[in-house]
Amino acid sequence: SSHFYVIPALDGEDAFEKILKYKPELVITDIMMPRLDGFGLLKKHRQHPDTRNIPIIFLSARAGEESKVEGLHAGADDYLTKPFSAKELIVRISNHIRINRVRRETEQQFFQLFQQAPALINVMKGPEHKFEFYHPRNKEFLGYPDFTGKTVREAFPNLENQGIFEILDDVYLNGVTIQLKERFISFPDETGGKMDKYLTITYQPWYDIRGDIQGVLNFALDVTESVLIRNRIEENSRQYASRLEAEVEKRTQELQRLNISLKKSNEDLQQFAHVASHDLKEPVRKIKMFASRLIDEYGTDFPDKGKEFLHKILHASKRMMSMIDGVLNYSSLNATKQKIQTIDLDEILKSIQMDLEVLILEKGARFNISRLGRIEGSHVLIYQLFYNLINNALKFTKKNHELLITITSSKELIDGIAMEKITVTDNGIGFDQDYAQEIFYSFIRLNSKDSYEGTGLGLSLCQKITERHNGRISAEGKLNEGASFHVWLPEVQPVHQI
C-alpha cells in the first residue's frame, strides 16, 4: 500500500464485484479461496468485456512448474509462488501496469483511427451477427442510433428481402469473402420515407487466435454520388451519341449525294476533255498541214517577212497539238486503272534512251547510270514518269555545254515501307530553288516558251504518277548549274491495280 492504492477482497466473488465497480489497473489473486477460487475468478474476469483486458497475477502456495504452467495456460498474466519476495512482487506489478497502460494507449489510438475511417466498419459476432462494434459514422450516414449489442436483423429488419442476411450467413458459415460493388440498397429514413444509396460493401470473416471464425467484418463505402454522376454522364453520352449518329447519317447521305454528283461531273468533264481534245486536233492538224504546204510549195513566192509569219504559224500549231495531247493525258490519268506488274527500271531507261535517240544525239548528251532496282507498278505510267524527267533534262540545256545526265538509285525505309529512291540529275540551266514546289503545278513554266518548248504539264503528270504509286517526288535546283529530281517509289505495292 506504500506504492499503490490497494482494494482488498475476501474471496473470488467479492473480488469480481469490486473489479466491476472500481476497474483496477491490476488484480492479484490467490487460487485456493472459498465460494469462487482463483481459476473461477480468472474465467469470469476474462469473459466480461469490461474486465478482460485487466492483467491478473496468481500468487499461490501451489509451487512447481506444472502449477505455474497451468495458471499461465488458464490466462493469468503472471504467477508467483509463496513464499515470495516483496520487492519482486512490486517490480512485477509495476511492469504489468506499465505494459498494460502502453497497450491501452496504443489500442485507444488505433480505436480512434478506426472510428475516424471514412468507410463504415462494423464488427458482427456469432451466427446471429450481433454488433460487437457499430461504427459511429453509421449514425451520420444512416441517421440511426447506436446498434451495438443488437443483431443485424433487429437493427435492420427492412433488409429482409434484399439478400444481405443470406450473405452474412454464407460468410460466417463458409469463411468466404464477398464484395458487392455499387450495390443499390434502400433504407427507411427518420421521416418515414426512403433513403436510396449505392454502396460498395465487403463482408469477410474474422478469426480468433486459434483460427476459428468468430463473426463477420463489414466494410462499406458510400459511392452514391459518383454512381449518380457517372449515370448522368453516360445518359448525356448516349444522348450526344444519338444526336451525333443522326448528324453523321445526315452528313453521310449528303456526301453520298455529292459523290454521285461529283462522279457524274468528273465523267462529264472527262468526256468533254476527250471530245474537245479530239475535236481541236483536227483544225490544228489542218493549220499545221497547210502552213507546211505553203512553205514547201510557195515558199519562194513569199517575202522574208511572210516566210517568218508562216514559220511562226507552223511553230504555234505544233505547240497547240502538243498542248492538246498533254491535256488529254493529264485529264485521263485518274480515270484509267492500270494493272501493276514487276518493273525492271534498267529496262525502262534503255527503252527511253532508244526512243529519245535522235534528241540525245542532237544534244550530245552523255549518261551516267548506276544499276537500278525493281519495283511493282504500272509499266505505262512508270515509263511516262521517267520519259518526262529525262526529256526535261534534254530540253533545258545550256548552249555550247556538254550535257551530262546522272541517274542513281538507293533504298530507304520511310514509315516502315521499303522505298526505291531514284535521282535524275543534269547540269543544264537549272532553276531557282524558291520555285521547287511551283514547278509541279499545272501549266507553270519558269522559262520562255519561245526559248524552250513544252506544255507546263510534264512535271504535274510526274507528280500524279508517283502519288498513284504511293510515292512522292521532289526537286532541287540551282540557277545555271543544273537540277535534280528525287523520286521515291515503294518496292511492293499494297494493291493489284493503280
Side-chain angles (χ1 to χ4, degrees), residues 315-316 318-320 322-327 329-331 333-334 345 349 352 356 359-360 362-370 372 381-415 417 419-490:
H315 181 71
K318 288 180 179 179
R319 286 191 63 252
M320 188 65 181
S322 177
M323 181 75 75
I324 292 170
D325 288 337
V327 170
N329 289 335
Y330 187 80
S331 63
L333 181 60
N334 287 335
L345 294 176
L349 291 181
I352 293 171
L356 292 172
L359 185 58
I360 291 171
E362 181 186 324
K363 296 285 185 176
R366 288 192 305 109
F367 283 84
N368 182 11
I369 304 175
S370 62
L372 306 183
L381 297 182
I382 295 299
Y383 178 91
Q384 195 168 12
L385 165 65
F386 288 104
Y387 181 93
N388 285 344
L389 293 177
I390 294 173
N391 192 44
N392 262 15
L394 292 168
K395 185 189 305 180
F396 298 106
T397 58
K398 292 185 288 188
K399 292 182 179 180
N400 303 318
H401 192 276
E402 184 183 37
L403 174 63
L404 175 63
I405 300 173
T406 302
I407 304 175
T408 60
S409 174
S410 62
K411 296 184 184 298
E412 290 188 6
L413 195 65
I414 300 176
D415 297 329
I417 300 173
M419 307 286 278
E420 191 80 22
K421 179 186 177 183
I422 302 98
T423 300
V424 179
T425 303
D426 64 65
N427 60 346
I429 63 173
F431 61 88
D432 193 326
Q433 185 62 26
D434 291 341
Y435 298 103
Q437 294 296 327
E438 292 183 25
I439 60 176
F440 292 105
Y441 298 161
S442 301
F443 302 109
I444 293 295
R445 297 175 56 89
L446 301 184
N447 302 284
S448 168
K449 62 179 179 293
D450 295 326
S451 301
Y452 299 95
E453 293 183 357
T455 62
L457 288 171
L459 290 178
S460 298
L461 202 59
C462 289
Q463 187 174 52
K464 267 198 170 187
I465 292 170
T466 55
E467 288 173 354
R468 285 192 61 172
H469 284 77
N470 300 315
R472 59 189 178 94
I473 185 170
S474 68
E476 290 182 82
K478 197 166 184 181
L479 203 57
N480 295 319
E481 291 190 17
S484 292
F485 290 89
H486 307 287
V487 178
W488 288 266
L489 294 170

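All figures in this text were calculated on a predicted structure; none of them were measured in a lab. Note: hydrogens, waters and symmetry copies are ignored here, and every other heavy atom, side chains too, is used. This chain uses plain numbering: 1 for the first residue, then up along the sequence.
- Across every non-hydrogen atom of Ser409 and Ser370, the tightest pair is N-OG, 3.4 Å.
- The OG1 atom of Thr466 sits 11.0 Å away from atom CD1 of Ile422, with the distance rounded to the nearest 0.5 Å.
- The side-chain contact (heavy atoms from CB on, under 4.5 Å) test applied to Asn368 returns Leu404, Thr406, not counting sequence neighbours.
- Every residue two or more places apart in sequence or in another chain that forms a side-chain contact (heavy atoms from CB on, under 4.5 Å) with Glu402 is listed here: Arg366.
- Here the CD-OG distance, from Gln437 to Ser474, works out to 8.0 Å after rounding to the nearest 0.5 Å.
- For the pair Leu459/Leu389, a side-chain contact is recorded, criterion being any heavy-atom separation below 4.5 Å from C-beta on.
- Panel note: side chain Gln433, backbone Gly477; a donor-acceptor pair is recorded below 3.5 Å.
- Between Leu403 and Gly428 the shortest heavy-atom distance is CD1-N, 4.5 Å.
- For Gln463, there are no side-chain hydrogen bond (donor to acceptor under 3.5 Å, both in side chains) partners two or more places apart in sequence or in a different chain.
- Each of Thr423, Ile369, Thr425 was evaluated against Ile407; a single residue qualifies, Ile369, per the side-chain contact (heavy atoms from CB on, under 4.5 Å) test.
- Closest of all the heavy-atom pairs between Leu394 and Thr397 is O-CG2, 3.2 Å.
- Panel note: side chain Lys478, backbone Gly430; no donor-acceptor pair is recorded below 3.5 Å.
- A donor-acceptor contact shorter than 3.5 Å is absent between the side chain of Asp415 and the backbone of Ile417.
- What you find for Ala436 and Ala475 is that their closest heavy atoms are CB-O, 3.7 Å.
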Item to complete: Take His469 and Leu385 through the test side-chain contact (heavy atoms from CB on, under 4.5 Å) and record every step on the way to the result.
Response: CA-CA 11 Å; His469 284 77; Leu385 165 65; over 6 Å; no

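- If you take CD1 on Ile429 and NE2 on His401, they are separated by 13.0 Å, rounding to the nearest 0.5 Å.
- The aromatic rings of Phe431 and Phe485 sit tilted relative to each other, their planes meeting at an angle between 30° and 60°.
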Practice prompt. Show your working on side-chain contact (heavy atoms from CB on, under 4.5 Å) between Ile465 and Ile473 and close with a plain yes or no.
Written response: CA-CA 10 Å; Ile465 292 170; Ile473 185 170; over 6 Å; no

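- The shortest heavy-atom contact between Leu349 and Phe386 is CD2-CB, 4.3 Å.
- In this pair, Trp488 and His486 present their aromatic rings tilted. The plane angle is within the 30 to 60° band.
- Atom CD1 of Ile414 and atom NZ of Lys421 lie 8.5 Å apart (nearest 0.5 Å).
- The residues Lys411 and Glu420 are annotated as salt-bridged, a charged nitrogen and a carboxylate oxygen being separated by less than 4.0 angstrom.
- Considering all non-hydrogen atoms of both residues, Asn391 and Leu359 come closest at OD1-CD2, 3.5 Å.
- The OH atom of Tyr387 sits 12.5 Å away from atom CG of Leu461, with the distance rounded to the nearest 0.5 Å.
- Taking CZ from Arg472 and CE from Met419, the interatomic distance works out to 7.0 Å, rounded to the nearest 0.5 Å.
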